[in-house]
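These numbers come from the heavy atoms of this one structure, side chains and all, not from hydrogens, waters or symmetry mates.
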Number of protein chains: 2
Amino acid sequence: MTRIKEASTIQENKKLVFQECPITYVMERIGGYWKPIVLFNLLSGAKRYGEIRRAMPQITEKVLIQQLKQLEADGLLLREAKPVIPPHVVYRLSESGKALQPVLYAMAVWAVAESEQNSPLARKDLSQFPAIE
Amino acid sequence: MTRIKEASTIQENKKLVFQECPITYVMERIGGYWKPIVLFNLLSGAKRYGEIRRAMPQITEKVLIQQLKQLEADGLLLREAKPVIPPHVVYRLSESGKALQPVLYAMAVWAVAESEQNSPLARKDLSQFPAIE
DNA sequence: GGGGTAACCTACTTTCGGGTAAGTACTTGT
DNA sequence: ACAAGTACTTACCCGAAAGTAGGTTACCCC
């Protein structure tokens with residue numbers, strides 16, 4: 001008699017757990033590789049699309065747009081487009097996005113401490129970590 | 001004359017940017033959906049494999065093991081296995097892992113504030129957020 | 001000697017994110 | 001008349017991640 005695995009209710013469980021684990025909530029909103037990096041780039045102030053792209057040469061245009069759209073739909077940043085030619089689009093953090101500053105700062109502190117341990121050459125400092133506004 | 005897109009050097013760029021953006025460093029080590037959640041569950045202390053699994057019914061066994069292995073290989077947690085039958089395996093945060101406590105705490109603070117805004121019903125408090133040890 | 005238990009492992013399949021490359025609309029500059 | 005700039009969009013493809021389902025070991029208990 002082969003028993004059946006109890007893993008089939010995972011999709012149900014997911015919904016319940018959102019109410020339990022705060023980190024799960026965070027991952028649903030800013031999870032993934034790129035979103036925190038985009039948010040970090042906007043911490044220092046509103047930027048045009050092209051500025052963001054040049055600040056992140058690692059990401060492809062397609063994925064950048066996609067991440068920006070998702071972050072906008074998720075209420076983490078605001079898109080302001082002036083109807084001119086050539087287009088002029090500015091992205092800025094929403095209030096929810098600004099509220100992530102402590103999270104990103106804590107990440108940066110950890111990153112600096114860790115990379116110092118691993119390779120003392122790559123020493124950095126946080127003196128000019130973006131504040132808000 | 002069709003010009004060639006300048007996106008072909010993305011793999012090269014990625015390496016360079018690690019030295020520039022601290023958030024990128026963080027994403028390389030704890031990026032992805034599950035890793036922060038696993039780390040959060042270990043913040044309150046060492047746990048057996050089965051405890052972690054029961055604490056995270058959303059994740060499949062396969063993926064949980066995989067994430068634990070990756071976190072171990074990445075030096076974020078330590079695995080201690082007692083050679084008994086049935087097996088007895090304990091996972092605990094390494095020093096690097098413990099150093100993530102402020103990051104996870106900042107995330108939890110944000111999550112609580114945000115979920116209060118969105119649905120005042122889901123009110124939570126952080127009074128028993130895991131300290132370390 | 002059959003069932004329970006703990007911490008896995010393996011094979012298979014589907015899904016999804018991401019990479020590459022190119023095109024578009026409209027204007028300004030030469 | 002052509003290139004350049006701006007903010008995208010589209011199509012195609014690929015590999016990695018994740019889900020599903022089963023198996024394994026070796027002991028203990030009844």
Colleague: Figure out the NZ/P separation between A:K82 and C:dT27, and round it to whole Å.
Modeller: 18 Å
Colleague: Who passes side chain to side chain contact (heavy atoms under 4.5 Å, CB included) against A:P86, sequence neighbours left out?
Modeller: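 For A:P86, no residue satisfies side chain to side chain contact (heavy atoms under 4.5 Å, CB included) once neighbours in sequence are set aside.
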Colleague: Which pairs with one or both residues in residues 72-93 of chain A pass side-chain hydrogen bond (donor to acceptor under 3.5 Å, both in side chains), sequence neighbours excluded?
Modeller: A:R48-A:H88, A:E80-A:R92
Colleague: Under a 3.5 Å distance rule, please check whether B:S94 uses its side chain to pair with a backbone N or O of B:G75 as donor and acceptor.
Modeller: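 The answer is yes, because a donor-acceptor pair under 3.5 Å joins these two groups.
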Colleague: Can you name the side chain to side chain contact (heavy atoms under 4.5 Å, CB included) partners of B:E95, sequence neighbours left out?
Modeller: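 Here the qualifying residues are B:K98.
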Colleague: Using the test side chain to side chain donor-acceptor pair (under 3.5 Å), find all partners of B:Q67 that sit at least two apart in sequence or belong to another chain.
Modeller: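 Per chain and number, B:Q67 pairs via side chain to side chain donor-acceptor pair (under 3.5 Å) with no residue.
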Colleague: Could you pull out the protein-nucleic contacts involving nucleotides 5-7 of chain D (nitrogen or oxygen on both sides, under 3.5 Å)?
Modeller:
residue: D:dT6; atom: O3'; partner: A:R48; partner atom: NH2; Å: 3.1
residue: D:dT6; atom: O3'; partner: A:P87; partner atom: O; Å: 3.1
residue: D:dA7; atom: OP1; partner: A:R48; partner atom: NE; Å: 3.0
residue: D:dA7; atom: OP1; partner: A:R48; partner atom: NH2; Å: 2.7
residue: D:dA7; atom: OP1; partner: A:V89; partner atom: N; Å: 3.4
residue: D:dA7; atom: OP2; partner: A:G50; partner atom: N; Å: 3.1

Colleague: Run the side chain to side chain contact (heavy atoms under 4.5 Å, CB included) test against A:P36 and tell me which residues pass, sequence neighbours left out.
Modeller: A:L104, B:I23, B:M27
Colleague: Please identify each residue that fulfils side chain to side chain donor-acceptor pair (under 3.5 Å) with A:Q101, with sequence neighbours left out.
Modeller: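 A:Q101: no side chain to side chain donor-acceptor pair (under 3.5 Å) contacts found.
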Colleague: Could you tell me which residues satisfy ring pair (Phe, Tyr, Trp, His ring centres under 6.0 Å) with A:Y105, sequence neighbours excluded, listed by chain and number?
Modeller: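 Ring pair (Phe, Tyr, Trp, His ring centres under 6.0 Å) check on A:Y105 returns A:F129.
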Colleague: Using whole Å, what does the distance between atom C1' of nucleotide C:dA7 and atom CD of B:E72 come to?
Modeller: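 One finds 13 Å between C1' of C:dA7 and CD of B:E72, rounded.
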Colleague: Name the pairs: protein N/O against N/O of nucleotides 13-18 of chain D, kept only if under 3.5 Å.
Modeller:
residue: D:dA18; atom: N7; partner: B:K62; partner atom: NZ; Å: 3.1

